Amino acid sequence: MTEEDKRILADFPILKDKDIVYLDSTATSQKPESVLKAMDSYYRHDNANPLRGLYELSVKATEDYENAREAVRAFINANSTTEIVFTRNATESLNLVAVSYAETFLKEGDEILITVMEHHSNMLPWQQAAKKTGAVLKYIECEMDGKITEEKYLSYLTDKTKIVSMAHVSNVFGCENEIKRFASLAHERGAIFIADGAQSVPHVPVDVKDLDVDFLAFSGHKMLSGMGIGVLYGKEKYLDKMPPFLYGGEMIEYVTLEGATYAELPHKFEAGTVNAGAAVGLHAAIDYINNIGFDVIKRREDYLTDLCLTKLEDIPHIHVIGDKNHDNHHGIITFTIDDVHPHDVAAILDSHGICVRAGHHCAQPLMKYLGVMSTTRASLSFYNTEEDIERFAEALKVIRREMGYSE
Ligand code: C6P
């Protein structure tokens with residue numbers, strides 16, 4: 001274990017205290033001490049219902065919550081905090097756009113364009129929006145390794161396309177889609193572009209101005225923070241025109257028995273009591289990521305991904321899904337083992353103390369498209385080590401024998 005490994009591991013209590021190899025960071029990341037402390041401190045010292053009370057404690061809670069919003073703004077380089085809406089998670093962020101934007105502005109015959117590799121959270125909201133508006137939902141078919149070429153993308157994009165929504169990084173292939181180029185081509189045809197950043201924002205710098213996406217959705221819990229906080233970035237010109245998504249307390253300006261006027265952005269989209277504790281955790285998570293730096297995060301994740309893929313390629317009967325280029329996996333290694341069900345693979349790995357995910361990874365249509373029932377997925381993060389990969393590879397080598405095969 002390197003000195004850098006030791007320094008990083010010392011920050012993650014769960015990894016220090018348990019003899020496990022955690023390879024399920026795509027589902028949710030582990031949390032560093034600084035994030036745990038920040039959330040604990042918020043509830044111990046600053047807790048009150050933000051945005052409501054006029055007393056000092058509530059004002060402090062409001063400040064903590066709004067400071068978190070500013071931290072998110074700076075992190076993704078948005079123009080203004082009015083463009084940062086706190087939600088529960090990426091799923092809610094995507095639903096917000098589908099309901100509030102698509103259901104308001106789409107009409108029969110308009111087209112919504114997504115891909116076959118989307119997570120259900122970036123698929124089902126569009127299926128619903130299409131049903132409700134009469135719009136047509138079209139799916140871009142990727143190559144078997146996840147690639148979507150510009151030529152392919154253009155073959156689906158028409159003058160009727162009004163919305164394109166796509167994963168920045170796929171949670172199954174780990175590949176990165178060419179969001180910047182695809183957004184620009186969508187804009188040329190008058191469509192808006194939504195990036196699902198659930199698997200990119202934790203791993204690579206994401207600059208919404210550079211990418212020029214109209215909306216970006218992501219989850220705090222996948223980027224070192226607590227559960228229950230997500231982000232929807234949206235260009236003000238769109239958020240401004242969109243009706244509220246949920247109605248109730250805190251999102252209003254003035255209410256009468258006959259109706260209501262709504263709060264300014266972003267509060268118009270944050271109905272009810274907010275998750276200030278998790279927002280504070282997200283702020284601490286952003287500080288942690290900025291402190292360690294994406295250069296270190298990426299160097300470590302790329303190195304470990306390459307090491308892992310190289311080892312897996314040498315083990316008979318294992319088939320990795322996705323790009324042959326190891327650099328296009330973002331820590332995500334999805335695979336099958338001949339004649340062994342992924343649930344058995346995961347259970348055997350668990351008996352070796354290794355945590356991976358097995359199943360369809362909330363991408364059932366993609367599994368069908370690839371012709372597999374389900375797969376096993378190992379997903380790593382910068383807090384993993386060479387020793388983790390070694391232990392994982394050694395355990396994989398014995399799985400078929402544990403299932404009764406001779407080799
Ligand atoms: N994928 C996985 O194990 P939520 O659940 O709202 O935080 O994130 C939804 C989501 C949206 N888009 C992508 C690309 C995702 O990967 C996810 C979450 C996890 O793959 C949990 S199913």
Side-chain angles (χ1 to χ4, degrees), residues 4-76 81 84-93 198 201-203 218-232 249-250 266-267 270-294 296-297 355 381-385:
E4 186 179 79
D5 289 343
K6 285 185 199 156
R7 268 201 313 277
I8 290 173
L9 278 178
D11 291 339
F12 289 84
I14 203 167
L15 300 176
K16 263 191 315 186
D17 299 345
K18 285 188 191 296
D19 181 26
I20 55 163
V21 174
Y22 187 73
L23 293 177
D24 200 17
S25 293
T26 294
T28 196
S29 73
Q30 294 302 346
K31 324 298 176 199
E33 191 77 57
S34 59
V35 168
L36 301 173
K37 275 196 180 137
M39 292 195 290
D40 182 71
S41 169
Y42 171 80
Y43 282 113
R44 275 179 204 282
H45 306 296
D46 296 338
N47 180 51
N49 202 323
L51 308 156
R52 283 178 166 79
L54 294 175
Y55 52 92
E56 199 181 322
L57 198 62
S58 176
V59 171
K60 177 71 172 74
T62 306
E63 265 170 29
D64 288 351
Y65 184 66
E66 293 302 330
N67 286 343
R69 197 189 308 277
E70 167 54 24
V72 172
R73 184 210 62 75
F75 190 61
I76 58 169
T81 48
I84 307 297
V85 178
F86 281 129
T87 60
R88 281 187 305 140
N89 45 41
T91 302
E92 188 173 294
S93 301
V201 176
H203 302 285
F218 57 99
S219 292
H221 73 94
K222 293 185 197 293
M223 50 179 291
L224 312 180
S225 179
M227 293 187 181
I229 190 84
V231 174
L232 175 68
E250 212 37 62
H267 302 287
E270 294 179 1
T273 297
V274 297
N275 193 343
V280 166
L282 181 57
H283 189 169
I286 288 172
D287 286 347
Y288 185 95
I289 292 170
N290 285 338
N291 198 28
I292 187 167
F294 270 121
V296 172
I297 289 176
C355 315
S381 185
F382 65 92
Y383 44 64
N384 288 113
T385 63

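Note that the coordinates shown come from a computational prediction; the quantities given were computed from them, not determined experimentally. Excluded from the calculations below are hydrogen atoms, water molecules and symmetry mates; all remaining heavy atoms, backbone and side chain alike, are included.
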(message) Between Tyr383 and Ser29, do the side chains contain a donor N or O and an acceptor N or O under 3.5 Å apart?
(response) no
(message) Treating Thr28 as the side-chain partner and His221 as the backbone partner, does any N or O pair qualify as donor plus acceptor under 3.5 Å?
(response) yes
(request) Starting at OH of Tyr65, measure out to CG of Asn67 and round the result to the nearest 0.5 Å. (result) 12.5 Å
(message) Determine whether a donor-acceptor pair (N or O, by modelled atom type, separation under 3.5 Å) exists between the side chain of Arg52 and the backbone of Ser58.
(response) no
(message) What I'd like to find out is whether the side chain of Ile286 reaches to under 4.5 Å of the side chain of Leu224, using heavy atoms alone.
(response) no
(request) Please answer whether the main-chain N or O of Ala90 pairs with a side-chain N or O of Ser219 as donor and acceptor at a distance below 3.5 Å. (result) yes
(message) Using 0.5 Å steps for rounding, measure from the CD1 atom of Ile229 to the CG atom of Leu282.
(response) 6.5 Å
(message) Tell me whether Asn290 contacts the main-chain N or O of Asp287 through its side chain, where contact means a donor paired with an acceptor under 3.5 Å.
(response) no
(request) Mind checking salt bridge (Lys or Arg N to Asp or Glu O under 4.0 Å) for Glu63 and listing every partner two or more places apart, or none if nothing turns up? (result) none
(message) Using every non-hydrogen atom in the two residues, find where Val201 and Phe294 come nearest and quote the distance to one decimal.
(response) O-CZ, 3.6 Å
(message) Could you measure the distance from the NZ atom of Lys18 to the SG atom of Cys355? Nearest 0.5 Å is fine.
(response) 9.5 Å
(request) Please report the shortest heavy-atom distance between Asn275 and Gly228, naming the atom on each side. (result) ND2-O, 3.2 Å
(message) Going by salt bridge (charged side-chain N to carboxylate O under 4.0 Å, His left out), name the pairs with one or both residues in residues 33-43, residues two or more places apart or in two chains.
(response) Asp40-Arg44
(request) Mind checking the CG-NE2 spacing from Asp64 to His283? Nearest 0.5 Å is all I need. (result) 9.0 Å
(request) Would you name the heavy atoms of Leu54 and Val59 that are closest together and state the gap between them? (result) O-CG2, 3.9 Å
(message) Using every non-hydrogen atom in the two residues, find where Leu57 and Asn47 come nearest and quote the distance to one decimal.
(response) CD2-O, 3.2 Å
(request) Establish, from distance only, whether the side-chain atoms of Thr385 and Asp5 form a donor-acceptor pair under 3.5 Å. (result) no
(request) Answer yes if the ring centres of Phe12 and Tyr22 are under 6.0 angstrom apart, and no otherwise. (result) no
(message) Tell me the closest heavy-atom pair linking Ala68 and Val280, and the distance in Å.
(response) CB-N, 4.5 Å
(message) Once salt bridge (charged side-chain N to carboxylate O under 4.0 Å, His left out) is applied, what residue pairs with a partner in residues 23-32 remain, sequence neighbours excluded?
(response) Asp24-Arg377
(request) Report the C-alpha separation of Arg73 and Glu66 in whole Å, then their side-chain angles, then the decisive distance to 0.1 Å, and conclude whether the salt bridge (Lys or Arg N to Asp or Glu O under 4.0 Å) test is met. (result) CA-CA 11 Å; Arg73 184 210 62 75; Glu66 293 302 330; over 6 Å; no
(request) Indicate the atoms forming the closest heavy-atom contact of Ser93 with Leu232, along with that distance. (result) OG-N, 3.6 Å
